[in-house]
Amino acid sequence: MSEADDRARKVKARRQKRKLKAAASVAIAVTAGLFLACQRGVTEVQKAIDAARGDDADAQTSDATSDPAITVKDASASATDASQALDAGRPDAALARRSSNAKDAAVDVNEHRKGMPVRDNLLE
Amino acid sequence: MPKRVLFVVKELEGAEPLGPLYVAGALMQAGHTCAFIGTRGNDVMAAIKRWAPDIVAFGATTGLHRFYLGLAARIKEELPHVVTLFGGPHPTFFPEAIFSPGIDVICRGEGEDAAVELANALDRGDDHTLIADLWVKHEGKVTQNGPRELRRDLDEIPFPPRELLYAYDDRLRQRPLKSFTTNRGCPFPCSYCFNPSLTEHYGSSWKKVRIRSPENVVREIAETRKNGPLQVIGFRESIFVYREDWLRAFGELYRKEIKLPYYCHLRADIVTDEMVELLAWSGCHTVNVGIETANPRLANEVLQRQIKMDKLERGIRALKKAGIVVFADNILGIPGGTFEDDLATLQLNIDLDVDYAAATLCTPYPGTGIAKYAVENGFFSGDFDLIDDSYYTESVLTFADPKDKRRTENLHKFFAVTCALPELLPVVMRLIDLPTNDFYYAMFRAWYLVCHMTDVMPRRPDLRQLKEGLLSIFGVFEGKEENWFPMPPPEELPIVAGKTKESAEAAPTTGGTLIRLGKRAAAPALGIGGEHV
């Protein structure tokens, strides 16, 4: 088989696979759309209940979507320590973000509506 | 004593912030200390206080500028001694951002040399107001300096110090995809892009593309690979290659030392058959080309692309024939166009068998030709604060029929997946009449993720990366953005002339010109540039 034929075969196979993957994406999107609609539903019902009770709706509903409180690291970590850590090529304790923690994950509809998956952001 | 410079980057989780990293590299070479922090899931004010910087630097695109201007104001309120430096596309093309109360210095254009001069001047206690490329607020007035000569030899610029990102979050090291650039500048005048505005700032020297040597590019990639996993490379300059001899020399080195699939940007109308063969031979897996619109009038009169559609189509077909994945950029909702034009653009992508048909909603960034056109023809108010930080949400332009606006915005969400699966088109034509909802966004995200992971930038994500990606389709993210502070209204300050490009000397003070920066300050009218490809 010539190189041109081989390339043509690859392009054709890729097209077929792309269709299958696109169909799978539609299924994922339908599931995600339903999930997000239910999330919104829960929030709106909670708001309505809070409004009926006369509570502060914003304060109550934010619990449904927000993260646990941000852990503020020890403010006593000195600037000198930080620069020494950087110089040594180690992670900078004064700057390092919170470690990965499943509890930190939460629905953020605003972020979702900005478009692409955050860590795969190549187009911006 | 060397200065401590902290770079605050919103969306650090995305592609590497190469601009700020280059600036940090130059500062470190000059002996200053730099660090980076992200904002999501991070208490930025607490982190700034802990690290105790002398300078806090931000690089902003329009849309994100609101976040940074609010944060800068808070920083100056709590830490008045800290100098805030604002660079990147937004202040480059809208330098009036200096009148925002939190900003001390704005940098226009390439920032490496200006930032070093600023840090050195602050370090020595010298006058820091007369530095080319900077507008400086000091003692109640703003000094406005002209542009500097561009560095012609890019090989002299230090490699971006990516270790600063990894020091903040080691997960950034683990990303299998990393970004690089091989050149700066662009000779084309496209009205939706930042390049013509940089030509306005730097003069015609911006059009003369400055290209790194293949040896220098390959050495940077090899060094990056030593410090973390690397499976696919993204070249992110406007146009990856102009000359076949450069590509041949690059390919020989790249195949020998790197041998990884890469992604790059090209104009399909300028690729030759030989170039296409060299791209495939050197390891190019995906080429990002701009189709933008199927309507030649919009392409050449409104978007100013100077393009022949038959050449564009021929180039894309040649890339496909060579087995290269084609990722096409398209713009929907172009002022002066119609919804039928957008459908024709979709059909052209389908006909060309594009692998991923990316679409953005036409956005009039400050200083771009498209912003000028939109304002002059009544499609846009000129209020750049209305621009969102993503061009994937809603259009800021005025449509003759509000129904068309909704249909265009919805078509945008379905554009890529419909190109991959044209059988969806009859359903999509019905769905786009409904109000925009989370399913539409989920569709956009799902296909983006699946197609990128498997076709555009094929890689083997680890379980955590895969989980993160999938959860993001469901709107689930780790860490919340809790650093939004209100953007204060601009101050009224006198401006004085500083260095001009011609003399490179301080010009005499013009005295007392008062600029009012209102929301309607339209950059095109002031002859100031724009942004974004």
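What's counted below: heavy atoms across the whole structure, side chains too, no hydrogens, waters or symmetry copies. Chain letters run A, B, ... following the sequence lines, proteins first, then strands; residues in each count from 1.
Only the backbone of B:Ile324 has a heavy atom closer than 4.5 Å to any heavy atom of chain A. In this structure, no portion of A:Ala4 lies under 4.5 Å from any heavy atom of chain B. Both the backbone and the side chain of A:Arg113 have a heavy atom closer than 4.5 Å to some heavy atom of chain B. Contacts between B:Val427 and chain A at a heavy-atom distance below 4.5 Å are absent for every atom of the residue. Looking at B:Ile473, both its backbone and its side chain come within 4.5 Å of chain A, counting heavy atoms on both sides. For B:Ala280, the part lying near chain A is the side chain, with the backbone staying farther off; criterion is any non-hydrogen pair under 4.5 Å. Looking at B:Leu6, only its side chain comes within 4.5 Å of chain A, counting heavy atoms on both sides. Contacts of B:Phe36 with chain A are made by backbone atoms alone, with heavy-atom separations under 4.5 Å and no side-chain atom involved.
In terms of heavy-atom pairs under 4.5 Å with chain A, the best-connected choice from B:Cys451, B:Gly323, B:Ala322 is B:Ala322. Between chain B and the options A:Leu20, A:Leu34, A:Thr31, the largest number of non-hydrogen pairs under 4.5 Å is found for A:Thr31. With chain A as partner, the option from B:Asn437, B:Leu12, B:Leu424 having the largest number of non-hydrogen pairs under 4.5 angstrom is B:Asn437. Put simply, of B:Leu470, B:Val325, B:Asp388, the one with the most heavy-atom pairs under 4.5 Å next to chain A is B:Val325. Contact count against chain B (heavy-atom pairs under 4.5 Å) is highest for A:Ala29 among A:Gly33, A:Ala8, A:Ala23, A:Ala29.
The two residues B:Gly475 and A:Leu36 come nearest to each other via the heavy atoms CA-CD2, 4.4 Å. In terms of heavy atoms, B:Ala446 sits closest to A:Ser25 at CB-O, 3.7 Å.
The NZ atom of A:Lys19 sits 3.5 Å away from atom CD of B:Glu423, with the distance rounded to the nearest 0.5 Å. Remark: B:Phe474 CZ to A:Asp108 CG distance equals 16.0 Å, nearest 0.5 Å. Rounding to the nearest 0.5 Å places CG of B:Asp455 at 3.5 Å from NZ of A:Lys21. A:Lys114 NZ to B:Ser472 OG: the interatomic distance, rounded to the nearest 0.5 Å, is 12.5 Å. Put simply, CZ on B:Phe477 and NE2 on A:His112 are 8.0 Å apart, with the number rounded to the nearest 0.5 Å. For the atom pair B:Tyr441 OH and A:Glu111 CD, the distance stands at 12.0 Å (nearest 0.5 Å).
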**Message:** Run A:Arg14 and B:Lys320 through side-chain contact (heavy atoms from CB on, under 4.5 Å) and show every step you take.
**Reply:** CA-CA 11 Å; A:Arg14 204 165 62 214; B:Lys320 291 287 299 185; 3.9 Å; yes

**Request:** I would like to know whether A:Val11 and B:Asp353 meet side-chain contact (heavy atoms from CB on, under 4.5 Å); could you show each step before the answer?
**Result:** CA-CA 9 Å; A:Val11 170; B:Asp353 191 26; 4.0 Å; yes

